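Count residues from 1 along the sequence. Nothing here was measured: the structure is a model prediction, and the numbers come from that model. Only heavy atoms go into these numbers, but all of them, side chains included; no hydrogens, no water, no symmetry mates.
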Amino acid sequence: MTQNENEARGFYKLSWMQRIGYGSGDLAQNLIFQTVACYLMLYLTTVLKINPAFVGGLILAVRLLDCFWSPIVGRYIDNRNPKIGKYRAYLLYGGIPLTVAACLLMLPQVAAWDMPMKIVYATVSYTLLSMIYSVVNIPYASIMASMTRDNDEVLKLTSTRMVCANIGQITVQAGFPIGLAIVAHAFIDWNQALFMAIGTIPAFVILPSLPMLKKWFGKKGLYYLLLAIGFVGFCILYTIPKVSNVEDCKVLYQTAKVMTGVGLLVGSLMWALVPEVITEAEYRTGNRPAATINALAGVAFKAGFSIAGWITPLAMGLVGFDLTSEQSALQTDPMAWFVVTCCFAIAGFILLLLCFKGCKERIATTPDKPVSYGEMFQEFKVNKCLQLMLGIFVVVFLASFISAPVNAYYPKLSDYTATAQEAILWFTCVIPAILLILVGYLIFKYPLTDEVIDKMNREIEERK
């Protein structure tokens with residue numbers, strides 16, 4: 001079969017400009033999302049001095065709200081077809097309010113308000129940002145399934161997208177503390193910044209090599225290898241302070257942090273499963289509910305993030321490590337937090353414009369009749385592949401984010417009490433290691449192989 005015949009059936013080949021253009025959208029969103037995931041809790045507790053238990057509850061409550069909001073957004077998008085693009089239109093429609101909401105999240109004047117007003121402002125600003133983020137993120141994720149049916153092209157698109165996402169992640173994780181120090185005219189702790197970001201480095205080696213690694217190890221074999229490396233890395237991080245002083249083992253703990261990044265990289269690869277589950281749903285039902293399934297994937301992703309954001313400050317507080325009273329690992333100047341956040345948000349909007357220009361939708365379809373909420377959850381009930389995928393999302397992103405708020409404390413572990421040190425170790429090492437084992441089990445149960453997906457795609461095109 002010729003390339004033109006394949007493309008007529010939806011198996012499009014993508015240029016590198018299309019892949020990078022699409023990936024710039026993930027880079028844009030990660031400049032905002034990683035700021036929230038890694039630093040919002042520290043901002044609310046160490047700068048605004050809001051009780052950590054309330055902050056954890058706020059993060060959980062907003063994400064529970066999102067469990068209802070995201071399916072609404074997904075249903076709305078699936079049932080409409082804007083002239084400038086079924087999915088990419090929302091990069092513009094949601095990009096402007098998302099940028100404004102991100103800039104207002106850490107308004108410096110709030111630090112001088114009384115505590116009730118701080119709580120109200122934090123609640124309203126974070127809730128609005130989360131809701132607007134879904135309006136951009138869900139259709140953005142749906143674009144990938146509308147560009148091609150070719151499984152190899154989807155893998156290349158995923159690897160490009162995740163490289164861009166990890167550029168955003170490393171920029172925020174390393175750049176945010178450096179930016180705070182620069183704006184506040186304070187000392188830059190390069191070891192801390194490196195530890196925060198070094199776990200992202202494997203992405204720039206592994207993700208571009210995904211097609212080759214997949215041929216060598218197979219899809220599941222590759223996942224198992226990455227998880228095993230990550231598990232060993234977490235074990236090393238836990239062992240170091242038990243036998244030596246952390247500050248005397250910089251090379252070793254930085255190496256172990258890189259290994260944990262290899263394991264957590266599985267979270268990036270999980271997005272390649274979403275088009276597979278969309279294809280399986282289309283194969284059974286005749287509809288291609290891309291935004292709906294991406295909305296449910298987003299709910300699972302945010303569920304892992306929200307559980308991590310809720311349980312970490314709560315459990316740390318129960319063992320006597322109060323983030324509001326302990327020595328902060330980062331600068332606490334409110335203006336510095338505002339300036340750095342605005343820089344990331346504005347850069348993100350420019351990248352969203354680039355993504356809008358670089359994406360080309362070819363397989364976006366509108367259902368013959370609107371998708372109802374009952375049908376959405378019926379799909380979840382009968383789709384075992386979807387259930388497993390969502391379970392993997394929850395666990396792998398819980399593993400990724402449960403350590404995010406306390407990573408900054410690990411290089412300075414000796415500054416804290418023995419009880420606090422043990423709490424930091426559990427959240428940076430022990431719990432993520434256990435969760436990686438669970439991820440491996442769920443991947444083992446996932447049934448969709450590349451051969452099965454290719455067969456489904458070809459049968460779908462034959463029907464048409």
Side-chain angles (χ1 to χ4, degrees), residues 10 12-36 70 73-103 128-150 153-154 156-169 171-172 268 271-272 274-275 278 288 290-295 297-298 301 342-366:
Y12 293 97
K13 299 297 180 182
L14 306 177
S15 69
W16 274 107
M17 289 304 298
Q18 288 173 312
R19 294 170 192 155
I20 293 171
Y22 177 66
S24 65
D26 226 324
L27 171 54
Q29 292 171 86
N30 267 276
L31 293 179
I32 295 173
F33 178 78
Q34 292 296 330
T35 298
V36 173
S70 288
V73 174
R75 176 180 181 271
Y76 180 90
I77 293 168
D78 264 340
N79 293 329
R80 283 160 180 80
N81 199 7
K83 290 183 179 179
I84 60 174
K86 182 177 179 67
Y87 303 121
R88 70 192 189 109
Y90 298 93
L91 300 179
L92 298 182
Y93 296 163
I96 295 174
L98 178 65
T99 305
V100 173
C103 291
L128 286 176
L129 177 65
S130 178
M131 295 178 73
I132 297 170
Y133 183 84
S134 294
V135 175
V136 175
N137 180 255
I138 290 171
Y140 167 76
S142 303
I143 293 172
M144 186 163 67
S146 75
M147 293 176 73
T148 181
R149 290 187 184 277
D150 191 309
E153 288 295 318
V154 169
K156 292 175 185 177
L157 193 59
T158 300
S159 63
T160 306
R161 169 192 178 183
M162 288 301 126
V163 166
C164 292
N166 279 276
I167 291 173
Q169 185 174 339
T171 300
V172 174
S268 296
W271 294 104
V274 177
I278 292 170
R288 190 170 176 84
T292 298
I293 288 179
N294 273 288
F301 163 68
C342 286
C343 288
F344 286 140
I346 294 169
F349 179 68
I350 295 171
L351 289 164
L352 283 179
L353 295 179
L354 176 62
C355 180
F356 175 82
K357 294 291 291 183
C359 293
K360 188 172 182 179
E361 299 173 9
R362 295 183 172 102
I363 317 173
T365 58
T366 302

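Residues Arg161 and Ala141 approach most closely at NH2-CB, 4.2 Å, considering heavy atoms. Of all heavy-atom pairs between Ile77 and Pro139, the closest is CD1-CD, 3.5 Å. The two residues Gly348 and Leu31 have their closest heavy-atom pair at N-CD1, 3.8 Å. Shown here for Gln18 and Leu14, the closest heavy-atom pair between the two residues is OE1-CA, 3.3 Å. Taking each heavy atom of Ile32 and Ala345 in turn, the nearest pair found is CG1-CA, 4.3 Å. When all heavy atoms are compared, the tightest approach of Ala101 to Ile132 is CB-CD1, 4.0 Å.
With rounding to the nearest 0.5 angstrom, the CZ atom of Phe356 is 15.5 Å from the CG atom of Leu351. Distance CZ/Phe344 to CG/Asn30: 11.5 Å, rounded to 0.5 Å. From Ile350, atom CD1 reaches atom SG of Cys355 across 14.5 Å, with rounding to the nearest 0.5 Å. Note that OG of Ser24 is 10.0 Å distant from CD of Gln29, once rounded to the nearest 0.5 Å. One finds the OH atom of Tyr133 at 10.0 Å from the CD1 atom of Ile138 (value rounded to the nearest 0.5 Å). Here Asn137 contributes atom CG and Asp26 contributes atom CG; the two are 7.5 Å apart, rounded to the nearest 0.5 Å.
Counting only distance, with no hydrogens or angles, the side chain of Tyr140 and the backbone of Tyr22 share a donor-acceptor pair below 3.5 Å. Judged by distance alone, with hydrogens and angles left aside, the side-chain atoms of Arg19 form no donor-acceptor pair with the main-chain N or O of Leu157 at under 3.5 Å.
Using a 4.5 Å heavy-atom cutoff, the side chains of Ile84 and Tyr93 are in contact. The closest side-chain heavy-atom distance from Trp16 to Thr160 is below 4.5 Å. The closest side-chain heavy-atom distance from Met147 to Tyr87 is not below 4.5 Å. Counting heavy atoms from C-beta on, the side chains of Leu353 and Leu91 never come closer than 4.5 Å.
Of the options Thr99, Ile96, Val136, a side chain to side chain contact (heavy atoms under 4.5 Å, CB included) to Leu352 is made by Val136 and by none of the others.
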